[in-house]
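In what follows, a single structure is set out as structure tokens and then discussed.
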Amino acid sequence: MYSASEIIFSTLKECLVSLYGNLDEKLIQIQPTRKEFEGNFTLVVFPLLKLSKQSPEETARQIGEKLIEQKSIVEKYNVIKGFLNITLTSDFWRQQLLKISETPRFGFAQPESSGKHIMIEFSSPNTNKPLHLGHIRNNLLGFGISRILAAAGHKVTKVNLVNDRGIHICKSMLAWEKFGNGETPETSGIKGDKLVGNYYVRFDLEYKKQVKELIKYGMSEEEAKEKAPILEEAREMLRRWENKDPHIMQLWETMNRWVYEGFDTTYQRLGIEFDKIYYESQTYLLGREIVMEGLSKGILEKDPDGSVWIDLTADNLDRKLLLRKDGTSVYMTQDLGTAVQRFTEFNIDEHIYVVGNEQNYHFQALKLILKRLGYSWADNIYHLSYGMVELPSGKMKSREGTVVDADDLLDQMEETAYTMSQESGKLEGLDSKTMDEIYRTIALGALKYFILRVDPKKNMLFNPEESIDFNGNTGPFIQYAHARIQSILRKVQTLDAEPRLSGYVFNEKEIRLIQLIESFPLMLNDAATQHSPAIIANYLYELAKEFNQYYHEYQILKESDTECRNSRLLLIKTIAQTIKNAAWLLGIEVPDRM
RNA sequence: GGUUCCGUAGCUCAGCUGGAUAGAGCAACAGCCUUCUAAGCUGUGGGUCGCAGGUUCGAAUCCUGCCGGAAUCACCA
């Protein structure tokens, strides 16, 4: 079907051509009419004045008259300054509504119809600490974008590259060996990822103590930080890991397993899943061959000490290390390797990395290096760079324990949902299992909306003192609108007249709602091209708010005129459907009652 | 110092591919539940869109410069 904006565009174009002859399409500027004026669409006439050679008002009137004369879908128009406000007929909007209501997944493209295969990497946790609010933002963004891109018709592969090796893991392992007394998730009753995280904090505590001690004995701070015995021990452990020392390998596997079990619980709770999970312990050697090849081609350079570099100063970046003097690889080397592997072996067209903005420099360099090495697809790498979640006290730091834990936050929110629900008594009569499910849905919806409604690239603030709100511009607000509609629909068994034939004339508010529903595909498209779930979140809010106002102002079930009643029922049913679809893109479920 | 991003109401955020009188929510205050779910609705107060120039019929939006904040510029990942 053609959208109203497409129709109004071609309609206007036809009229303008007949008035002024052929013209540049860019001159036709159409926007939805602002709330305070009458009309559905507005044509800005200023750009057309050169053609009409008349005043803005006269030009607008001329075009308006032409529209009325030639087009039956145009009901009326009005002119304010240089703006031509056009009102389309109620019947036109009814037809649009009918078509939408008959398309359950309205706005969604056919699966994989674009022919484009996009890989998206997100989450990518370290296995030495539990997930906190910052990770939640990463996960929700990645998952949201995946759904949005899939809905836009792309083939999407979601991957998670687990950072399961390195010095930071050894720190947890070492602290556990030293201070753990054999503690396990089973013996302690602590969730695996938290248990391991505790030892990461424990390590840092000990490390700081030792540094302080060394400084007291006259060492410089810099040297002390470098030479603390426990850090040396951790380094030694990493060396033994790299040499596959059986004892270390076993410890590593055990503690990682604890973490994975913990992660799985949290992922499941958040409703997040992946198509493929990579482990860095299996990919960290990738990229060396690519570097060697670049070296032989003279694109890279070798220093006297044997380390390999690329000089990016011509592009305003620095010199970047690709292989250490001992020949081992660094972070960048591995990323080069995995990128080449994914583009060539999986034949993907685009690769999105959901990674915090602290790594902007890294990804800028990554793209540039790949380009220098001759990979033309380097331009199809997109770094979805998102801002930090900050606390009033500043950044979250796992090491220092100043984080908002993902599980704790969810628990707290479920508690809020429970309390609010008990107070309202709306769920009375349901069994406790169903009720629990609803609390979970509301808590999750609140959290997801809270995170996703903010433009990804902006830093956002979370104040743990003020718990996440369930009123106003929130997830539950949107869920509530849906539940209200379902509540009405539950009470009506059949539509006792065919809405298709109805002579009911929609009022302004109703047409605004239809127009909003109708613009959903545009929003989806915007969200996909801009990689921004926030666009969908804000759209949802607008739709829910508009509905709530409508709900308050007009009767539906009690409307005696059946044509009116059925038209309204069709409208709200379609609103519910749209809310559900849009919320799904964000991973937010909408309950039928709450 | 270089690079990137951000700066809109007391707070949290929309709006930014140039269009009409800059919007929401929270907080404050005043109303609305014998009427389809009050997690809602209505109203009041609250703004130098960081500052200064420029581009033009028109700038919160684009350009330049400054100011303020964040991140980054590791033989860490």
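Within every chain, numbering begins at 1; the chains are lettered A, B, ... in the order of the sequence lines, protein sequences first and strands thereafter.
Nucleic acid contact class of A:Asn128 (heavy atoms, under 4.0 Å, all strands): none. The residue A:Thr328 sits apart from the nucleic acid: no heavy atom pair falls under 4.0 Å. Base contact: A:Ile556 has a heavy atom under 4.0 Å from a base atom.
In this structure, A:Lys491 reaches the B:rU37 phosphate: one of its side-chain N or O atoms is under 4.0 Å from OP1 or OP2. Within the structure, a side-chain polar atom (N or O) of A:Arg484 is placed less than 4.0 Å from OP1 or OP2 of B:rA38. At least one side-chain nitrogen or oxygen of A:Arg34 sits closer than 4.0 Å to the OP1 or OP2 atom of B:rA20. OP1 or OP2 of B:rA14 lies within a sub-4.0 Å distance of a side-chain N or O belonging to A:Lys458. Contact check, A:Asn538 against B:rA24: no side-chain N or O comes under 4.0 Å of OP1 or OP2.
When distances run from any side-chain atom of A:Lys81 to the nucleotides B:rU21, B:rU35, B:rU12, the shortest one goes to B:rU21. Listed nucleotides B:rU37, B:rG40, B:rU12 differ in distance to A:Asn471; the shortest reach to its side chain belongs to B:rG40. With distances taken from any side-chain atom of A:Thr33 to the nucleotides B:rC41, B:rA20, B:rG19, the minimum falls on B:rA20. Each of B:rC36, B:rU42, B:rG25 was ranked by its minimum atom distance to the side chain of A:Tyr541; first place goes to B:rG25. Nearest to the side-chain atoms of A:Tyr551 among the listed nucleotides B:rA20, B:rG25, B:rU37 stands B:rU37.
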Using a 3.5 Å limit on both pairing distances, list the dot-bracket string of RNA chain B from the 5' end; Watson-Crick and G-U wobble pairs count, crossing pairs take [ ], interstrand pairs take |.
(((((((..((((.....[...)))).(((((.......))))).....(((((..]....))))))))))))....

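Rounded to whole Å, atom C1' of B:rG25 lies 15 Å from atom CZ of A:Phe470. When rounded to the nearest whole Å, the span between OH of A:Tyr554 and C1' of B:rU37 equals 21 Å. The separation between A:Glu546 atom CD and B:rG23 atom C1' is 13 Å, rounded to whole Å. Rounded to whole Å, the distance from CG on A:Leu49 to P on B:rC57 is 11 Å.
In this pair, A:Phe203 and A:Tyr207 present their aromatic rings parallel. The plane angle is below 30°, not in the 30 to 60° band. In this structure, A:Trp241 and A:Tyr284 have tilted ring planes: the angle between them lies in the 30° to 60° band.
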Run the numbers on A:Met594 and A:Ile442 for side-chain contact (heavy atoms from CB on, under 4.5 Å), then give the verdict.
CA-CA 8 Å; A:Met594 63 186 276; A:Ile442 294 170; 3.8 Å; yes

For side-chain contact (heavy atoms from CB on, under 4.5 Å), just list the numbers for A:Leu323 and A:Leu300, CA-CA rounded to whole Å, side-chain angles, deciding distance to a tenth of an Å, and then say yes or no.
CA-CA 11 Å; A:Leu323 282 180; A:Leu300 311 179; over 6 Å; no

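One P atom belongs to B:rG43, the other to B:rG7, and the distance between them is 29 Å to the nearest Å. Nucleotides B:rG65 and B:rA22 are separated by 29 Å at their P atoms, to the nearest Å. Taking atom P in both B:rG58 and B:rG68, the straight-line distance is 33 Å, to the nearest Å. Taking atom C1' on both B:rC36 and B:rA30, the two are 27 Å apart, rounded to the nearest angstrom. To the nearest whole angstrom, the two C1' atoms, one in B:rG15 and one in B:rG23, are 7 Å apart.
Residue ring and nucleobase are not stacked for A:Phe83 and B:rG19 under a centre distance beneath 5.5 angstrom and an angle between planes beneath 30°. With centres under 5.5 Å and a plane angle under 30°, the ring of A:Phe46 is stacked against the base of B:rG19.
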Can you check each nucleotide of nucleotides 62-77 of chain B against protein heavy atoms at under 4.0 Å and return B for base, S for sugar-phosphate only, - for none, in 5' to 3' order?
--------SSSS-BSB

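The salt bridge (Lys or Arg N to Asp or Glu O under 4.0 Å) with A:Arg568 is formed by just one residue from the set A:Glu563, A:Glu553, A:Glu510; it is A:Glu510. Partner of A:Tyr541 under the ring-ring contact (aromatic ring centres under 6.0 Å, His included) criterion, chosen from A:Phe477, A:Tyr480, A:Phe450: A:Phe477.
Between A:Thr416 and A:Met460, the residue anchored closer to the 5' end of RNA chain B is A:Met460, taking for each the nucleotide with the nearest heavy atom. The nearest heavy atom of RNA chain B to A:Tyr480 and to A:Phe450 marks one nucleotide each, and the one closer to the 5' end goes with A:Phe450.
Under the 3.5 Å distance criterion, the side-chain polar atoms of A:Asp315 are left unmatched by any main-chain donor or acceptor of A:Leu368.
Residues meeting the ring pair (Phe, Tyr, Trp, His ring centres under 6.0 Å) test with A:Tyr361, sequence neighbours left out: none.
With values rounded to the nearest 0.5 angstrom, A:Ile588 atom CD1 is found 8.0 Å from A:Tyr449 atom OH.
At a cut-off of 3.5 angstrom, the base of B:rA38 holds no donor-acceptor pair with the side chain of A:Ser424.
For A:Glu222, the CD atom sits in a loose shell: 12 or fewer heavy atoms of surrounding residues, nucleotides or ligands are nearer than 6.0 Å. The number of heavy atoms from other shown groups lying within 6.0 Å of OH (A:Tyr418) does not exceed 12.
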